[in-house]
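Structure record follows, encoded as structure tokens.
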Amino acid sequence: MNGHEKMPKKASNLISSIIQCKCARCRQGDMFIEKNPYKKGAMKMHDKCEVCGQPMEMEVGFYYGSGYVSYALSVALSVATFIAWWVLIGFSLDDNRIFYWLIANGVALGLLQPVLMRLARAGWLAIFVRYNKNWKERPAEKAERMIKEWQNGW
Ligand SMILES: [Zn+2]
């Protein structure tokens with residue numbers, strides 16, 4: 001069964017809708033065409049939300065700024081792994097444990113990059129598009145300054 005995503009259901013909260021990369025406006029439609037972030041073309045997005053019609057790209061280069069969000073997520077994750085390593089393994093100046101953390105953290109960030117980039121886009125969209133629980137009654141605003149050929153081109 002593939003039609004179940006479009007069935008109306010209770011809207012999720014902001015955090016879980018970002019984690020699931022849902023449209024910021026209705027929190028039901030998917031932002032990305034491909035569900036698996038590790039598949040080829042995972043950053044390809046729908047032109048607009050399939051549920052409420054919200055354009056996924058507000059203007060040319062809209063997601064450029066999401067790079068900062070994914071950077072911030074990477075930093076936050078590094079802090080988290082640093083603290084976890086500190087508690088579980090500890091750091092010492094007498095051995096190489098801090099380098100092991102650096103390597104492990106670098107590998108983890110590298111592996112998680114596709115997920116972080118998608119999360120960053122979902123978060124970025126949620127900054128500019130407010131959740132509207134009356135999305136059914138109100139049509140989505142049209143994207144401005146949108147050039148079709150430039151979409152997904154960077
Ligand atoms: Zn939507």
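Of all heavy-atom pairs between Ala126 and Arg130, the closest is O-NH1, 3.3 Å. For the residue pair Tyr131 and Cys26, the shortest heavy atom distance occurs at CE1-O, 3.8 Å. Of all the heavy atoms in Cys49 and Gly29, the pair that sits closest is SG-CA, 3.8 Å.
Leu109 and Phe82 are members of different hydrophobic clusters when ILVMFWY side chains are connected at heavy-atom separations under 4.5 Å. A continuous path of Ile, Leu, Val, Met, Phe, Trp and Tyr side chains, each step under 4.5 Å between heavy atoms, connects Ile89 with Phe91, placing both in one hydrophobic cluster.
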Check: After noting the C-alpha distance and the side-chain angles of Met45 and Asp30, does the key distance pass the side chain to side chain contact (heavy atoms under 4.5 Å, CB included) rule?
Finding: CA-CA 9 Å; Met45 304 172 80; Asp30 291 310; over 6 Å; no
Next item on the list: Begin with the C-alpha distance, continue with both residues' side-chain angles, and end with the deciding distance and a verdict on side chain to side chain contact (heavy atoms under 4.5 Å, CB included) for Gln28 and Cys23.
Entry: CA-CA 6 Å; Gln28 292 185 21; Cys23 162; over 6 Å; no
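Not counting sequence neighbours, the partners of Thr81 by the side chain to side chain donor-acceptor pair (under 3.5 Å) test are Trp101, Asn105. Shown here are the side chain to side chain contact (heavy atoms under 4.5 Å, CB included) partners of Phe99, two or more places apart in sequence or in another chain: Asn96, Leu102. Partners of Asp95 according to the salt bridge (charged side-chain N to carboxylate O under 4.0 Å, His left out) rule, which considers only residues two or more places apart in sequence or in another chain, are Arg97. In terms of the side chain to side chain donor-acceptor pair (under 3.5 Å) criterion, Trp85 has no residue partners (sequence neighbours excluded). Annotation: side chain to side chain contact (heavy atoms under 4.5 Å, CB included) contacts of Ile83 (sequence neighbours excluded): Val79, Val87. Taking Asn132 as the reference, nothing meets the side chain to side chain donor-acceptor pair (under 3.5 Å) condition, with sequence neighbours excluded. By the side chain to side chain contact (heavy atoms under 4.5 Å, CB included) test, Cys21 is found to be paired with Phe32, Arg118, Ala122, residues two or more places apart in sequence or in another chain being considered.
Within the structure, side chain to side chain donor-acceptor pair (under 3.5 Å) pairs that include any residue of residues 65-76 do not occur (at least two apart or interchain). Legend: salt bridge (Lys or Arg N to Asp or Glu O under 4.0 Å) pairs involving residues 71-94, not counting sequence neighbours: none detected. Sorted by first then second residue, the salt bridge (Lys or Arg N to Asp or Glu O under 4.0 Å) pairs that include residues 61-87, not counting sequence neighbours, number zero.
The NZ atom of Lys133 sits 13.0 Å away from atom CZ of Arg25, with the distance rounded to the nearest 0.5 Å. The CG atom of Leu112 sits 13.0 Å away from the CE atom of Met117 when rounded to the nearest 0.5 Å. Within the model, atoms CZ of Arg27 and CD1 of Ile18 stand 8.0 Å from one another, a figure rounded to the nearest 0.5 Å. How far CE of Met31 is from CE of Met43: 8.5 Å, rounded to the nearest 0.5 Å. In this structure, Ile98 CD1 and Ser92 OG are separated by 10.0 Å, a value rounded to the nearest 0.5 Å. Between the CG atom in Leu119 and the CH2 atom in Trp124 there is a gap of 15.0 Å [rounded to 0.5 Å].
In the hydrophobic clustering, where aliphatic and aromatic side chains (Ile, Leu, Val, Met, Phe, Trp, Tyr) are joined below 4.5 Å either directly or transitively, Val107 groups with Ile103, Leu111.
Using a 4.5 Å heavy-atom threshold, the side chains of Asp47 and Met56 count as separate.
In this pair, Phe62 and Phe128 present their aromatic rings perpendicular. The plane angle is above 60°, beyond the 30 to 60° band.
A donor-acceptor pair under 3.5 Å links the side-chain atoms of Glu34 to the main chain of Asn36, judged by distance alone.
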